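Chain letters run A, B, ... following the sequence lines, proteins first and then strands; every chain starts at 1. Remember, predicted model here, so these are calculated numbers, not experimental data.
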Amino acid sequence: MIRKYLTPILVFLFAATLCAEDAPKESPSAVVARVQAALIEAMKSGDKAGFQERFDKLAPVMKSTHAFGSIARVALGKNWKQLTAAQQTAFTDSFTTLGIATYAANFKEHHGEEFKIQGEKPMERGQVYVRSTLTKGDGGEVKFDYVMDAKEGKWMIINIIADGVSDLALKRAEYESVISKEGFDALHKSLLQKIEDLKGAPAK
Amino acid sequence: MTPRRNALDCRAALALAFCAAISFSGCARLGSKKGDRDPLIAVNRGFFWINDSLDRYIMKHVTWVYTHALPLRARKCVSNFFSNLSEPDHALNDLLQGKAKASASDVGRFATNTTVGIAGLFDPATKWKMVKHEEDLGQTLGWWGSGEGPYIMIPLFGPSTARDVPGVILSSLMKGVFFAGASATLTMPINAVSTVDERANQDENLKAVNQNAVDRYIFIREGYRQHRIFLIYDGDPPPPPSLDEDSDEENTNAPAPKPPAETTNPTIK
């Protein structure tokens, strides 16, 4: 009798232990907070730090919090499967560099801006939606929301929505348009050019 | 156009004429797939090229002169003046969406800024915590559940959709009421300053588009459509659908708007 119930209990406890080990240690909001803290720090370092220094400081934080590989794959949509493994790797690398470069080029001046996390909301497929607000120095607000997915035991950003505009949907529509008109190589070349442009971007 | 006609009506007339031309030509049906939200893409890209060229070779330089010639405070007064003219439009659309409190606030803003703010040049209403609600007819139609219809690039104006065009016309006409009976020698410069002021206010956004876009037409189209949904939901839209590489292309944007359950309007900006 005891054995009848003991076996499922032991199996359950074993499974629960495994799940506990796989459960992300950092909550979705904490991951977003880490990104936003890094951005504020980059802004405070200002132009004194220079683009490359900001890029180098932001890169480890962004790589550990953004699922760039997944984002790149989804951004290319059905075109992803048409690429060779070498093209996929090259595109993911460029996409990752462009993502970090965009942060480094834009978050470089601090005029009292601050982020505030508003809360979390569960989404389909086990994803989590984190709402936050950037209050600018002049009091204006921009809503920054994040779609988080559990990847390899931790929560990672897979999409950012600024004032209702989804970065992933925007890129996906753009990339589809460029590939259908000019092909993958032209798109990849555009991304590389964007990276070069951002390195020399003038002060806003 | 008679000399007395308000120049601000020109934009409305242009939008109306453009839509009529599209309707009569039946372009909206040409080459469109089911669910295609940009069936006029070939025409739209053409108008985008025209608008973009005009901006690059004329408006960008005019704006540069304007922003460098006029101190920031003076430019703020100009923006306040034109923004104040939009308040009746906001108040009307608040009402059409059942947001009586928001409408009262916008009427109060208009009254305050027109009188204490000296014809809207200053904005004491904001200092006195009177919240602004930037509603227009396009948002009202969306709030009522109307679909956005085909995307339309209006010549000399910019991005819009079939749902938003009536709002463009209404907004221009309501602003035009303030200059009814005025001569063209007065209204034409006002219209010109309004256009330059609007371009100056969009300067940073346009720089961001140039910096980030790999296809500027698509970037502006998708950004416009998604941001309009954000506004219809008063800045609190439902999360977008999850995406994977096999997701349907038409499923990449925020869901179609439905009237929000609550009629209270939180601050938008």
Side-chain angles (χ1 to χ4, degrees), chain A residues 70-81 98 102 105-106 121-131 133 139-143 145 147 149 158-159 161-178 181-182 186-187 189-191 193-194 197-198 201-202 204, chain B residues 37-38 41 45 72 76 126-127 129 132 151 201 203-255 257 266-269:
Chain A
S70 300
I71 302 170
R73 198 173 66 241
V74 175
L76 279 188
K78 288 166 184 164
N79 295 298
W80 177 261
K81 288 176 183 165
L98 179 61
T102 304
N106 287 291
K121 196 174 180 179
M123 293 178 71
E124 55 186 355
R125 299 185 195 178
Q127 295 172 344
V128 173
Y129 197 70
V130 178
R131 294 186 188 274
T133 307
E141 286 187 350
V142 181
K143 292 197 172 179
D145 298 338
V147 178
D149 201 7
I158 57 164
N159 192 10
I161 296 110
D163 269 355
V165 180
S166 157
D167 183 56
L168 185 53
L170 208 64
K171 283 191 165 69
R172 189 172 165 117
E174 277 193 288
Y175 293 177
E176 167 60 27
S177 169
V178 175
K181 280 190 298 177
E182 303 169 61
L187 173 67
K189 204 175 160 187
S190 290
L191 261 54
Q193 185 58 51
K194 285 283 165 201
D197 293 346
L198 289 169
K204 278 181 106 180
Chain B
R37 291 177 182 135
D38 191 5
I41 188 164
R45 276 202 186 264
L72 185 60
K76 185 72 185 161
T126 297
K127 283 180 190 161
K129 310 284 182 198
K132 185 174 191 172
Y151 177 73
N201 290 336
D203 202 43
E204 286 303 309
N205 289 337
L206 288 170
K207 281 179 185 167
V209 171
N210 293 335
Q211 188 184 58
N212 294 300
V214 291
D215 183 329
R216 296 172 66 246
Y217 171 82
I218 299 290
F219 190 100
I220 289 173
R221 183 190 73 189
E222 294 306 307
Y224 174 82
R225 289 177 50 217
Q226 292 183 45
H227 188 65
R228 290 295 293 172
I229 291 171
F230 174 80
L231 294 177
I232 290 165
Y233 278 99
D234 293 332
D236 190 22
S242 294
L243 292 176
D244 59 38
E245 63 196 75
D246 296 320
S247 296
D248 184 359
E249 294 301 326
E250 281 303 316
N251 195 31
T252 56
N253 293 304
T267 54
I268 291 168
K269 283 182 181 176

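- We find the CZ-CD distance between A/Arg172 and B/Glu222 to be 11.5 Å, quoted to the nearest 0.5 Å.
- In this structure, NZ on B/Lys207 lies 12.0 Å from CG on A/Asn106, to the nearest 0.5 angstrom.
- Residues satisfying the salt bridge (charged side-chain N to carboxylate O under 4.0 Å, His left out) test with B/Asp215, not counting sequence neighbours, are A/Lys181, B/Arg45.
- To the nearest 0.5 Å, atom CZ of residue B/Phe219 and atom NZ of residue A/Lys171 are 7.5 Å apart.
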**Prompt:** Taking it one step at a time, do A/Asp197 and B/Gln211 satisfy side-chain contact (heavy atoms from CB on, under 4.5 Å)?
**Reply:** CA-CA 8 Å; A/Asp197 293 346; B/Gln211 188 184 58; over 6 Å; no

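- For the residue pair B/Pro237 and A/Arg131, the shortest heavy atom distance occurs at O-NH2, 3.4 Å.
- For B/Lys76, the side chain to side chain contact (heavy atoms under 4.5 Å, CB included) partners at least two apart in sequence or on another chain are B/Asn80.
- Using a cutoff of 4.0 Å between basic side-chain nitrogens and carboxylate oxygens, B/Asp236 and A/Lys143 are not scored as salt-bridged.
- The parts of A/Glu124 that come within reach of chain B are both its backbone and its side chain, each placing non-hydrogen atoms under 4.5 angstrom from that chain.
- Across all their heavy atoms, A/Ser190 and B/Val214 have their closest contact at CB-CG1, 3.9 Å.
- Interface remark: A/Leu98 contributes no atoms to any contact with chain B (heavy atom separation under 4.5 Å).
- The nearest pair of heavy atoms linking A/Asp163 to B/His227 is O-ND1, 3.0 Å.
- Taking 4.5 Å as the limit, every side-chain heavy atom of A/Val165 sits out of range of all side-chain heavy atoms of B/Phe230.
- A/Lys194 and B/Asn210 get closest at one heavy-atom pair: NZ-O, 3.0 Å.
- In terms of heavy-atom proximity, B/Pro239 sits nearest to A/Met123 at CB-CE, 4.0 Å.
- Checked by atom type and distance alone, the side chain of B/Gln226 pairs as donor or acceptor with a backbone atom of A/Ser166 at under 3.5 Å.
- Taking OG of A/Ser177 as the start and CD1 of B/Ile41 as the end, the distance is 6.5 Å to the nearest 0.5 Å.
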